[in-house]
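For reference, the structure discussed in these notes is given below.
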Number of protein chains: 2
Amino acid sequence: MSRSGADLALLLLGGYRTLVEAAQVELAERGYDDFRPVHDFAMRAIAAGADSASELGRRTSVSKQAAAKTIAVLVERGYVAREPDPGDARRKRLQVTPLGFDVLRQGETIFDELRASWARRIGSAELAALESRLRELVGDDAVRADAPGWVAQAEG
Amino acid sequence: MSRSGADLALLLLGGYRTLVEAAQVELAERGYDDFRPVHDFAMRAIAAGADSASELGRRTSVSKQAAAKTIAVLVERGYVAREPDPGDARRKRLQVTPLGFDVLRQGETIFDELRASWARRIGSAELAALESRLRELVGDDAVRADAPGWVAQAEG
DNA sequence: AACCATAGACAACCAGGTTGTCCATGTCCA
DNA sequence: TGGACATGGACAACCTGGTTGTCTATGGTT
């Protein structure tokens, strides 16, 4: 029985952390090493149309320089391709590669499996209730929005 | 209605982040600038008896060097005092100062107020249920343990 | 043609971590 | 008592994921 607000915060962090750590381990076992939430965020934004470093920065609430650094690692790992934009010589067009989509899909699956295992433990209804209370409290957009800045940090 | 495991993770992160950001802002308004969870953790460990950098490192699952860096900022801000240990010339004894206890107490109060405001929004019973489900899922020790490494990162 | 906005590269810096090395001190044991 | 080992802390170099500032090349507008 926690009466303490600080404990509540730690429980929430603990939940996030538990899921992410498990996902990271599982992803590593499937051959995608050192894949972090920040990479996932960036790739999703790119897949969703952020096709340049500046645009990625804007969409993820991060400086274009920070975005460029993340892109550099994604390119190096083969998850994202960067090629000159034929229509604008300033830009380098970004594209998620097939390998990149693989890791996105697997990450998604893993998180869904983790959620399912939680549902088995406390019951589907309870989990759904937990989610909807939380959604009420933090708002729907906490889920999209500028998680990255934070996500970057809530890792290990 | 989220079916997605990824959304669940983001909701949890969003919750943590919402609380911490609000607390940070409020603490800053009360004159404690740039006080981060990592500082809170370290000070609590010191107050609980981690009276040297090495010991603090052990208790917070961090290298002694990292602990020393954190201590340096706490000392610089006057939250922690560091003085030679009379009984062992290798050690520097750490102590939370009265100012340090102030900020701890206020942080605690702020988090409790935030929790209360959440309780007003979704109902005490609902919030308590949310906490106990979460506790079931992540375990009690997620609340204590080695949050620091993570906390360090789940900031802004 | 002149001017301004934009994309991206590069460099310096910050926080909070890591590892490795080193020295001074303390402890233990033959 | 002396030598071996363990411990505390300082220092330096490095990592990641951010920041700001500056610079160049290109594009768009008037």
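Every chain is numbered from 1, with letters handed out A, B, ... down the list of sequences. Keep in mind that what you see is a predicted model, and the values were worked out from it rather than measured.
Partners of A28(A) according to the side chain to side chain contact (heavy atoms under 4.5 Å, CB included) rule, which considers only residues two or more places apart in sequence or in another chain, are D33(A). Residues satisfying the ring-ring contact (aromatic ring centres under 6.0 Å, His included) criterion with F111(B), sequence neighbours excluded, are absent altogether. Applying the salt bridge (Lys or Arg N to Asp or Glu O under 4.0 Å) test to E83(B) and every residue at least two apart in sequence or in another chain returns R93(B). Applying the ring-ring contact (aromatic ring centres under 6.0 Å, His included) rule to F35(B) yields the partners H39(B), Y79(B); only residues at least two apart in sequence or on another chain are considered. Not counting sequence neighbours, the partners of E26(A) by the side-chain hydrogen bond (donor to acceptor under 3.5 Å, both in side chains) test are R30(A). Taking E126(B) as the reference, R133(A), I122(B) meet the side chain to side chain contact (heavy atoms under 4.5 Å, CB included) condition, with sequence neighbours excluded. For R44(B), the salt bridge (Lys or Arg N to Asp or Glu O under 4.0 Å) partners two or more places apart in sequence, or in a different chain, are D40(B), E108(B).
Looking at heavy-atom distances under 4.0 Å, R58(A) makes contact with sugar-phosphate atoms alone, never a base.
Per the geometry, CG belonging to D51(A) stands 14 Å off C1' belonging to dG8(C), to the nearest Å. Following rounding to the nearest Å, I71(B) (CD1) and dG17(C) (P) show an atom-to-atom distance of 12 Å. Between the NZ atom of K92(B) and the P atom of dC23(C) there is a distance of 17 Å, rounded to whole Å. For R93(B) and dT25(C), the CZ to C1' distance is 17 Å, given to the nearest whole Å. Look at CG on D85(A): it is 9 Å from P on dG8(C), rounded to the nearest Å. Taking atom CG on L56(B) and atom C1' on dG8(D), their separation rounds to 13 Å, with Å as the unit. dG16(C) atom P lies 14 Å from atom CZ of F41(B), rounded to whole Å. Following rounding to the nearest Å, Q24(B) (CD) and dA15(C) (P) show an atom-to-atom distance of 14 Å.
Dashed line: the shortest gap from a side-chain N or O of R36(B) to OP1 or OP2 of dG16(C) is under 4.0 Å. OP1 or OP2 of dG17(C) sits under 4.0 Å from a side-chain N or O of T70(B). Contact annotation: S54(B) does not reach the phosphate of dT7(D) (side-chain N/O to OP1 or OP2, under 4.0 Å).
The pair R77(A)-D34(A) meets the salt-bridge criterion, with a side-chain N (NZ, NE, NH1 or NH2) lying under 4.0 Å from an Asp/Glu carboxylate O.
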Please produce a list of atom pairs where a protein N or O lies less than 3.5 Å from an N or O of nucleotides 18-22 of chain C.
unit_1: dT18(C); atom_1: OP2; unit_2: S63(B); atom_2: N; d: 2.9
unit_1: dT18(C); atom_1: OP2; unit_2: S63(B); atom_2: OG; d: 2.6
unit_1: dG20(C); atom_1: O6; unit_2: Q65(B); atom_2: NE2; d: 2.4

Base-contact (B) and sugar-phosphate-only (S) positions in nucleotides 24-30 of chain D, heavy-atom cut-off under 4.0 Å, - elsewhere: -BBS---
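Atoms CZ and CG, on R115(A) and L19(A) in that order, are 10.5 Å from each other to the nearest 0.5 Å.
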